[in-house]
Amino acid sequence: QVQPVEAGGGLVQPGGSLRLSCAAPGNIFSLGAVGWYRQAPGKQRELVAVVTSSASTDYVDSVNGRFTINRDNAKITMYLQMNSLKPEDTAVYSCNAQIRRTNRSGYSSYWGQGTQVTVSS
């Protein structure tokens, strides 16, 4: 089973910070782009941030300047640092990783299990 493992969600007060992590399995050939998505109750899932294999990043406007995505290629782990959190950031956050399992396969998309982030006083 190739599934990224997420960690770091929880309950935080408005203005607080959390850091999410997304660890890819160790037995892979290559890791491509990784994105963090979120889905709030009653809303569609949205792409929050993405980091490519060359470390280029992009963010949805609502989190620009507050969230930072980065990756540690040695640990094949990706992070989402979330600062100045707002109640509207409350959602289930999931990572999606483009993974090549072997040198004979192309990239396929794999989802983590999701982690709850709740911003509330």
Side-chain angles (χ1 to χ4, degrees):
Q1 181 73 11
V2 179
Q3 182 180 36
V5 178
E6 299 153 358
L11 172 64
V12 64
Q13 292 186 341
S17 298
L18 283 174
R19 189 175 80 155
L20 306 182
S21 64
C22 173
N27 58 338
I28 63 173
F29 177 74
S30 177
L31 178 65
V34 180
W36 282 99
Y37 292 75
R38 68 184 179 187
Q39 186 167 23
K43 294 187 176 181
Q44 288 189 330
R45 184 170 61 193
E46 68 170 345
L47 176 61
V48 175
V50 61
V51 58
T52 69
S53 56
S54 59
S56 297
T57 60
D58 199 9
Y59 301 90
V60 68
D61 286 346
S62 60
V63 307
N64 212 357
R66 299 188 296 123
F67 290 12
T68 303
I69 188 171
N70 58 24
R71 58 194 286 160
D72 182 333
N73 287 327
K75 297 180 180 178
I76 47 174
T77 299
M78 293 65 63
Y79 303 95
L80 184 67
Q81 177 67 42
M82 305 184 294
N83 298 329
S84 302
L85 283 161
K86 304 176 181 179
E88 51 263 43
D89 294 318
T90 295
V92 174
Y93 285 71
S94 302
C95 70
N96 176 273
Q98 301 297 310
I99 293 174
R100 286 182 69 187
R101 298 185 65 176
T102 72
N103 61 353
R104 289 172 292 179
S105 63
Y107 282 101
S108 296
S109 177
Y110 295 89
W111 288 92
Q113 79 280 7
T115 185
Q116 177 70 43
V117 171
T118 302
V119 185
S120 174
S121 55

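Predicted model, so just to flag it, every value in this text is computed and none were measured. Residues take their numbers from the sequence shown, with the count starting at 1.
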Is the shortest heavy-atom distance from the side chain of [X] to the side chain of [Y] under 4.5 Å?
| X | Y | answer |
| --- | --- | --- |
| Tyr79 | Ile69 | no |
| Leu18 | Leu85 | yes |
| Phe29 | Ile99 | no |
| Gln39 | Gln44 | no |
| Met82 | Trp36 | no |
| Gln81 | Leu20 | no |
| Pro87 | Ser120 | no |
| Gln98 | Val34 | no |

Examine the side chains of [X] and [Y] and answer whether a donor and an acceptor come within less than 3.5 Å of each other.
| X | Y | result |
| --- | --- | --- |
| Thr68 | Tyr59 | no |
| Thr52 | Ser54 | yes |
| Asn73 | Arg71 | yes |
| Asn96 | Ser109 | yes |

Quiz item: Do Val63 and Val12 sit in the same hydrophobic cluster, where Ile, Leu, Val, Met, Phe, Trp and Tyr count as joined when their side-chain heavy atoms come under 4.5 Å apart?
Solution: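 Same hydrophobic cluster.
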Quiz item: Applying the 4.5 Å side-chain criterion to the ILVMFWY set and letting contacts propagate, would Tyr107 and Val51 be lumped into a single cluster?
Solution: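 No, separate clusters.
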Which pair of non-hydrogen atoms, one from [X] and one from [Y], has the smallest distance, and what is that distance?
| X | Y | result |
| --- | --- | --- |
| Glu6 | Thr115 | OE1-N, 3.5 Å |
| Pro14 | Ser121 | CD-N, 3.7 Å |
| Ala49 | Leu80 | CB-CD1, 4.1 Å |
| Pro25 | Ile76 | O-CD1, 3.0 Å |
| Ala97 | Leu31 | CB-CD1, 3.9 Å |
| Val92 | Gln116 | CG2-OE1, 3.2 Å |

Quiz prompt | Trace of the side chain to side chain donor-acceptor pair (under 3.5 Å) decision for Asn83 with Ser17 | solution = CA-CA 4 Å; Asn83 298 329; Ser17 298; 2.9 Å; yes
Exercise. Decide whether a cation-pi geometry holds between Arg45 and Trp111; the criteria are a distance under 6.0 Å from NZ or CZ to the six-membered ring centre and an angle within 45° of the ring axis.
Key: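 Here Arg45 passes the 6.0 Å and 45° test against Trp111.
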Self-check item: Quiz item: cation-pi between Arg38 and Tyr93, 6.0 Å / 45°
Solution: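 Checked: cation-pi criterion not met.
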Using 0.5 Å steps for rounding, measure from the [atom1] atom of [X] to the [atom2] atom of [Y].
| X | Y | atom1 | atom2 | result |
| --- | --- | --- | --- | --- |
| Glu88 | Ser62 | CD | OG | 8.5 Å |
| Ser105 | Ile28 | OG | CD1 | 10.0 Å |
| Cys22 | Tyr110 | SG | OH | 13.5 Å |

Exercise. Spell out, as yes or no, whether a donor-acceptor pair under 3.5 Å connects the side chain of Ser94 to the backbone of Tyr37.
Key: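 Flag not set: sc Ser94 to bb Tyr37 has no pair under 3.5 Å.
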Quiz item: Does the side chain to side chain contact (heavy atoms under 4.5 Å, CB included) test come out yes or no for Glu46 and Val60, once each step is laid out?
Solution: CA-CA 9 Å; Glu46 68 170 345; Val60 68; 4.1 Å; yes
